[in-house]
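These notes concern the structure reproduced below.
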Amino acid sequence: MNAAARPIKNIVFDMGNVLMTFNGPHFATRFSDNDQDAALLQAAYFGRGEWALLDAGVIGYPTMMRIAEAHLPERLWPNLHDMAAHW
């Protein structure tokens, strides 16, 4: 079978700053009640080196959530989960 006749198996969409604007700090404000909590959410999720690993598919969301939770007060865990689900 030649390459042109093979069915497409996967399509990859590059979302962040390609198909849509990525602005972690701004996005975090949608899931917090104040600037301080937004900054904490941003730093724990989008601001960590592990974010690049998640984006590259090296780690999964459960791992990223455990890492982010470890860097947040427990009161912000529901905000974190909501933010991650909507991202």
Side-chain angles (χ1 to χ4, degrees):
M1 180 184 290
N2 68 38
R6 286 189 215 149
I8 296 173
K9 291 184 180 182
N10 301 304
I11 298 175
V12 176
F13 294 97
D14 190 346
M15 303 298 287
N17 288 327
V18 177
L19 294 177
M20 60 185 273
T21 301
F22 172 73
N23 185 329
H26 175 72
F27 191 73
T29 64
R30 297 180 52 203
F31 299 92
S32 58
D33 295 328
N34 59 65
D35 291 341
Q36 292 80 16
D37 286 352
L40 290 172
L41 287 167
Q42 148 62 30
Y45 195 71
F46 299 117
R48 304 199 51 75
E50 291 86 0
W51 169 252
L53 298 176
L54 176 67
D55 191 47
V58 175
I59 64 172
Y61 280 99
T63 300
M64 187 67 207
M65 296 307 290
R66 285 191 301 275
I67 292 165
E69 285 174 349
H71 294 88
L72 283 173
E74 192 170 342
R75 68 178 176 78
L76 288 177
W77 290 6
N79 305 65
L80 170 68
H81 294 203
D82 197 24
M83 183 178 75
H86 286 88
W87 170 246

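FYI, the numbering just counts along the sequence from 1.
Contact between Leu76 and Leu41 at its shortest, heavy atoms only, is O-CD2, 4.1 Å. For Met83 against Ala28, the heavy-atom pair with the smallest separation is SD-CA, 3.7 Å.
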Kindly list each side-chain donor-acceptor pair under 3.5 angstrom involving residues 50-62, sequence neighbours excluded, with atom names and distances?
{"residue": "Glu50", "atom": "OE1", "partner": "Arg48", "partner atom": "NE", "Å": "3.1"}

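Checked against a 6.0 Å centroid threshold, the rings of His86 and Phe31 count as neighbours.
Residue pairs meeting the salt bridge (charged side-chain N to carboxylate O under 4.0 Å, His left out) criterion with at least one member in residues 60-73, sequence neighbours excluded, do not occur. Applying the side-chain hydrogen bond (donor to acceptor under 3.5 Å, both in side chains) definition to pairs two or more places apart or across chains, those involving residues 29-38 are Asn34-Asp37, Asp37-Arg75.
Taking Ile11 as the reference, Ile8, Phe13 meet the side-chain contact (heavy atoms from CB on, under 4.5 Å) condition, with sequence neighbours excluded. For the side-chain contact (heavy atoms from CB on, under 4.5 Å) test, residues two or more places apart in sequence or in another chain that qualify with Ala84 are Tyr45, Met65.
In this structure the side chain of Phe22 reaches within 4.5 angstrom of the side chain of Phe46, judged on heavy atoms.
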